[in-house]
Amino acid sequence: MTVRWRIFIFEIVTLAFVALMVGVTALSLRVADDFVRRIDGVHHRFEVIAELDGHANNYAEQIAEVLLLGPEQMPDFEAARRKMEEAFERLARVTRAEVLTLEGIEEVRREISDVEMTSRMNELYRAIDRAAEHVFALQRDGKQAEAVGHFRREVEYRLSNDFETLLENALKDERGEVASELAEVRRRQQWLLFGAIALTLLAVLFSAGFGLMLKRSIVRPVQDLAEGARAIADGALDARIPVRGRDEFAALARTFNDMAHAIEAQRAELVTAQQRLHSEVEARTAELRHANDRLRDVDARRAQFLADVSHELRTPLTILRGEADVALRGRGDPGDQAEALFRIQEQAESLGSLLDDLLAFARSDAEDQSFEITVTRGRDVAAAAAAEGEALAAPRDVLIETAWNDGGALIAADARRLKQVFLIGLDNAIKHSPAGGRVRVATLVAGGRFVVEVSDEGPGLSEEDRAHVFSRFYRGRAADSGSTGGLGIGLAIAKLIVERHDGVITLDNRPLGGAALTVSLPLAEATS
């Protein structure tokens with residue numbers, strides 16, 4: 001390339017620097033425009049969320065008025081419901097509009113939390129609205145007290161706590177988004193400032209250095225060609241000649257470099273192919289190992305789930321068979337038959353609830369099953385378990401004795417699941433009791449806690465069993481002898497339920513023989 005062309009290139013580069021400066025200015029304007037647009041979207045969403053907060057309060061008040069003043073207030077409730085739905089529609093539109101204005105996957109990813117927050121608020125509102133319909137149904141059936149209680153638990157509490165928390169979090173997120181946008185604008189402004197300074201410095205340096213480059217543009221290519229020729233003569237095939245410009249020297253240098261590069265490229269391709277093959281083999285091996293681990297985990301979870309199902313269903317089905325036998329005999333006191341049918345119905349309901357829990361467990365192995373905690377008398381739960389345990393004790397001619405010494409103590413518990421714990425203890429005690437033996441269920445208050453003890457007259461625990469009785473799938477000495485069935489998960493399930501109640505469960509030998517299962521639970525204050 002001639003000197004004239006090099007001067008022309010210098011002018012082109014100078015224009016390029018000017019264009020870059022104009023681009024920096026345009027980019028600054030665009031950053032400001034994007035900031036205004038996003039702040040406007042955040043402002044609209046902030047207004048809709050604040051409006052939704054007011055509508056939620058009105059919605060709860062209208063439900064309360066229907067409960068207090070009667071169905072005549074339903075039109076006001078329907079109006080409040082429409083306002084809530086309209087507000088959710090506006091919130092969805094504003095959120096969609098805000099997402100549609102975003103550019104780039106990173107910006108969309110940052111807005112996913114707003115979309116998810118909107119979805120959670122909508123789902124929570126739908127659940128509360130269904131609870132409100134249930135409240136009105138209870139009111140129509142004349143169950144005013146139940147309707148008020150359901151309203152307080154499922155509507156008023158969730159609106160004032162869960163829904164209000166979501167609204168506060170959404171408002172907090174919007175404020176945080178504004179702060180984040182401000183920080184991003186400041187960061188970009190700094191970046192643009194540094195870029196402008198850098199471009200200016202580059203322009204100055206380029207102008208100063210280009211004159212020196214013109215001087216050296218002829219001498220240096222000749223020296224480079226001479227050095228390259230000497231290197232080739234010495235056998236250094238990896239030698240390279242710097243390519244400068246588009247003159248004859250540059251063409252000769254490119255030809256030299258292409259020749260050397262062809263040989264080097266073939267060698268590099270071979271090395272790269274080997275490395276890629278090695279990496280792919282390692283990656284596939286890791287994937288297979290991970291898939292294998294996942295398969296083992298899935299298989300273990302499946303086996304554990306099937307074991308839980310079998311154990312959970314065995315006890316209620318045994319009770320159902322025993323009570324059905326009583327009812328099918330057709331003899332004796334009709335009152336006994338009616339009581340047997342009532343227990344069958346109760347166990348069927350309990351079995352249905354159990355199947356619902358097992359289905360929920362099958363669908364999600366990452367979340368614990370929910371507990372419905374209420375304040376109840378501890379002896380009532382123990383007595384219900386003892387009554388149902390009669391069906392387990394009758395085939396073995398085992399007598400269940402009870403002793404209530406707790407003075408009517410109250411506990412906060414899920415009665416159905418706690419009864420399951422006592423039934424597991426009774427089932428184990430009956431299995432390990434001799435024919436004609438006795439199983440004793442006693443309650444008392446000790447150390448400020450409600451205590452239930454289920455004891456038997458069996459052989460008791462060995463030293464080996466005592467350390468593993470609450471381990472899942474451990475069946476102990478009795479299982480080895482074939483005297484009892486089961487998969488060894490009953491006490492593990494009982495321990496999990498008791499610990500969810502902040503309680504303590506132990507199993508140990510009695511001084512006079514036999515074993516005793518002891519459950520200790522915290523007391524609850526009576527509610528007015």
Side-chain angles (χ1 to χ4, degrees), residues 1-28 30-31 103-109 187-188 190-290:
M1 179 182 297
T2 63
V3 175
R4 186 191 320 183
W5 278 105
R6 287 189 172 92
I7 294 175
F8 178 73
I9 291 175
F10 173 77
E11 294 173 348
I12 294 298
V13 173
T14 302
L15 291 176
F17 277 111
V18 174
L20 286 174
M21 294 300 295
V22 173
V24 170
T25 303
L27 185 59
S28 300
R30 182 178 178 183
V31 168
E103 298 178 0
I105 189 63
E106 290 298 329
E107 293 181 0
V108 174
R109 187 179 292 111
R187 187 187 67 80
R188 292 190 180 184
Q190 293 177 354
W191 180 82
L192 291 172
L193 178 61
F194 293 153
I197 295 173
L199 287 174
T200 302
L201 292 175
L202 286 175
V204 173
L205 293 175
F206 178 81
S207 299
F210 193 81
L212 181 61
M213 184 189 69
L214 287 176
K215 179 180 177 182
R216 302 173 59 185
S217 60
I218 297 176
V219 176
R220 178 174 294 179
V222 175
Q223 294 176 345
D224 291 340
L225 285 172
E227 292 175 0
R230 286 194 296 269
I232 292 296
D234 295 336
L237 299 179
D238 58 342
R240 296 292 186 273
I241 297 176
V243 178
R244 300 180 180 89
R246 300 181 60 182
D247 53 12
E248 293 77 7
F249 296 108
L252 183 59
R254 281 192 293 270
T255 302
F256 176 88
N257 291 338
D258 289 342
M259 177 188 66
H261 180 72
I263 299 174
E264 187 179 22
Q266 291 178 356
R267 183 185 302 169
E269 288 176 359
L270 180 60
V271 174
T272 301
Q274 290 176 343
Q275 292 176 348
R276 184 169 58 251
L277 180 61
H278 181 68
S279 298
E280 289 179 356
V281 169
E282 289 184 346
R284 296 298 179 269
T285 302
E287 290 177 0
L288 288 174
R289 188 180 300 110
H290 179 65

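Position 1 is the first residue of the sequence; numbering continues from there.
Residues meeting the side-chain contact (heavy atoms from CB on, under 4.5 Å) test with I197, sequence neighbours left out: L193, L201. Applying the side-chain contact (heavy atoms from CB on, under 4.5 Å) rule to S279 yields no partners; only residues at least two apart in sequence or on another chain are considered.
Separating the CG atom in L205 from the OG1 atom in T200 is a distance of 10.5 Å, to the nearest 0.5 Å.
Sorted by first then second residue, the salt bridge (Lys or Arg N to Asp or Glu O under 4.0 Å) pairs that include residues 273-282, not counting sequence neighbours, number zero.
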